[in-house]
Protein chains: 2
Amino acid sequence: MSKSVPTLEDVAREAGVSRATVSRVINGVRNVDPGIQDLVRQAVERTGYTPNQAARSLVTRRAQTIALVVSGAGDERDGGQGDFTARVFADPFFGRVVTGVVGFLRPRSMHPVLMFADSDDARRQVVDYLRQGSADGALVVSTHAEDPLPAQLAAGRLPAVCFARPAVAAPISYVDLAHRDGGLLAARHLLARGCRRPATVSGPLDLPAGQERLAGFRDGMERGGVPYVPIAEGGFTLDSGVAAMERLLAEHPDIDSVFAANDLMAQGVCRVLRDRGRRVPEDVAVVGFDDSSAALACRPPLTTVRQPVEAMAAAMAELLHEFVLGERTEPTSRIFDPELVVRESA
Amino acid sequence: MSKSVPTLEDVAREAGVSRATVSRVINGVRNVDPGIQDLVRQAVERTGYTPNQAARSLVTRRAQTIALVVSGAGDERDGGQGDFTARVFADPFFGRVVTGVVGFLRPRSMHPVLMFADSDDARRQVVDYLRQGSADGALVVSTHAEDPLPAQLAAGRLPAVCFARPAVAAPISYVDLAHRDGGLLAARHLLARGCRRPATVSGPLDLPAGQERLAGFRDGMERGGVPYVPIAEGGFTLDSGVAAMERLLAEHPDIDSVFAANDLMAQGVCRVLRDRGRRVPEDVAVVGFDDSSAALACRPPLTTVRQPVEAMAAAMAELLHEFVLGERTEPTSRIFDPELVVRESA
DNA sequence: CTGAAAGCGCTAACAT
DNA sequence: ATGTTAGCGCTTTCAG
């Protein structure tokens, strides 16, 4: 058999210097004679050396890896797992988070480990993973309101940053959107269009995002002279949007506009409208939220409130990185502004 | 400050035994007195000990991590990155792969690191990652035909398993579907329905999956007495399905059925048909491929050829695991059978 | 500017 | 059945 993977020792011998010097060259530490640097680099080339990350981590106490965890509140056992994963990926939102996170991580040669925390057991795994030092910190995206993970992470003093303020209060960092302002934007646009009989398909009302988007919309309508807005609660999925819209239409057949708290539900809304023979936007104008891929996939393309998910995700990674480096210690929040994107649905 | 994380040493002292014994208990090695086991477990509890993975990996030479890499052929620089990630997540297929992989990994407390290999540089990162021992092996899903990664992995003798046979030949393991049989299934179903003027929106013809699904379909039609099938090549995306269908309809306005090589394109096909006032399936029957979430999201719900992606992904992880454990050494292939799922579109 | 040496925390022979 | 001991490959004082 050929000799196994080369170590620092091998490179040092090959270059005729000490291990320490090779280490310095590899890690780009200053104070190394340029001539020797070349020597070492050639030796590295010849031996095909690659530093062993475990050995490195053991002394630096850094894994160069962060956990990207999608967390639910449930306590489902195995059975639910597949569904949970599937649901997460069905939402175009998650892909954007990954895009943003990877964009920040990659140039720093760090990598995300994907974890799903949809049961007590899975959550324990996440915490253990961090305590083991397998990952330097966690980026968490919660899908449910009562998710206990953020609090657990905070209690364990583990570096972590959440996407959106956790419903369960905890001293933890997060990035979030000014959801309320987003709702306001939607209301103003509909008002400007002349709509006076709006309705809304809200997000889950136990989620801050659900509440605030609704509050902002109502507030905007109220200020615009429309005191009452029929509401049907949805669950941020296409199906829930369909169901909510059917309820709304049954009780309020004369509405002239709908604000859906995310694009997936807006898509459901459009589908129902179409099936009922109502034209969008002529008969009923529809405004979504997120500006996800669903907004463009929808017929007609959705006018929607853009949430800069990629930028938010990158900021989340950046914050975490600062914690890991010890440059930051206090829990921090970073709030982004929404923006109206006008297309054809309203 | 409180003393930092407890080590084996601390637990050993606390329990009044040697490090070795504690290690044995923790790793469930036999030959340890039950009484002492309890003692140790209590000490672990009291100290809140968690094994350090880096130290462990250093000696076991196992990271308990595998790389889940999505690989393209491109050589795009930074700019393309975001798009690539977004495109990957937009396809419901990838979520199913993750579900299957995680399902296998989780019970073994192993975790997937997400990597995107859409440039030479990124591919180098993947190879280095494995050589560093940060991951024990790679699971690769290629999105393009000329993806050089599988060959690179094989050349480096790195443990790896691909989803689908790589277009670039290499001595590497993979799981795949009997695509040809899938095409046959679609043809037979359409034939049984009485369709005699079929057309097909194929996948990219430089991809084995694209070629074989098409070949199977044509073969089936031929055997059923239909010698000619108009074809338009697509790219497995919704938009490409729309474009392909428009071309098809322009040149062959009298077709009575369409076989699309995946559900996303079938969705596009249905959309075009609907816009042109053709009823599905009354005027034109449509059969998709994959049975992804897009099949159910489509109106009408798609009759499609099911690809057991989750099971295939789990098999991929299992194969890799066997390589990592050294239980398997020769490149291996595992082929799954497709299955027709009849819904409303055909 | 470079080398020698001391660990990082753990597992696995080898003793006992 | 348990303890002793030697590393795994690397970074990092500390001398020189």
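Sequence lines set the chain letters: A, B, ... in the order given, protein chains first and strands last, and positions in each chain run from 1.
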Under 4.0 Å from OP1 or OP2 of D:dT2: is there any side-chain N or O of B:N31 that close?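 Checking B:N31 against D:dT2: no side-chain N or O falls below 4.0 Å of OP1 or OP2.
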Round to a whole Å and report the spacing from [atom1] of [X] to [atom2] of [N].
X     : N      : atom1 : atom2 : result
B:R13 : D:dT2  : CZ    : P     : 20 Å
B:E9  : D:dG3  : CD    : P     : 12 Å
A:Q37 : C:dT2  : CD    : P     : 9 Å
A:L39 : C:dT2  : CG    : P     : 10 Å
A:N27 : D:dC10 : CG    : C1'   : 9 Å
B:D33 : D:dG3  : CG    : P     : 11 Å

Sequence-distant partners of A:S134, side-chain hydrogen bond (donor to acceptor under 3.5 Å, both in side chains), two or more places apart: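 Listed in chain order: A:Q132.
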For nucleotides 5-9 of chain C, give me every protein contact, N/O to N/O, under 3.5 Å, one pair per line with atom names.
unit_1	atom_1	unit_2	atom_2	d
C:dA6	N6	A:R19	NH2	3.2
C:dC8	O3'	A:R61	NH2	2.7
C:dG9	OP1	A:R61	NH2	2.6
C:dG9	N2	B:A55	O	3.4

If the plane angle is over 60° it's perpendicular, under 30° parallel, otherwise tilted; pick one for A:F89 and A:F116.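 Ring orientation, 0 to 90° scale: tilted.
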Output side-chain donor-acceptor pairs under 3.5 Å for residues 161-170 of chain A, partner residues at least two apart or in another chain, one line each.
none

Polar-atom pairs under 3.5 Å, protein N or O versus N or O of nucleotides 14-16 of chain D: list them with distances, or write none.
none

Side-chain donor-acceptor pair present, A:S71, A:D147, cut-off under 3.5 Å: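 Yes.
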Where the side chain of A:T60 is defined as all heavy atoms beyond and including C-beta, which of D:dG3, D:dT11, C:dT2 is the nearest nucleotide? D:dT11
Could you check whether B:E318 pairs with B:R108 (Lys NZ or Arg NE/NH1/NH2 to Asp/Glu carboxylate O, under 4.0 Å)? no
May I ask you to say whether B:R106 pairs ionically with A:D118, meaning some side-chain N is under 4.0 Å from a carboxylate O?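 Salt bridge between B:R106 and A:D118, a charged N being under 4.0 Å from a carboxylate O: yes.
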Pair listing, ring-ring contact (aromatic ring centres under 6.0 Å, His included) test, anchored in residues 26-63 of chain B, at least two apart: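 ring-ring contact (aromatic ring centres under 6.0 Å, His included) check on residues 26-63 of chain B returns no pairs.
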At what angle, to 10 degrees, do the two end axes of the helix from C:dC1-D:dG16 to C:dT16-D:dA1 meet, given five pairs define each axis? 40°
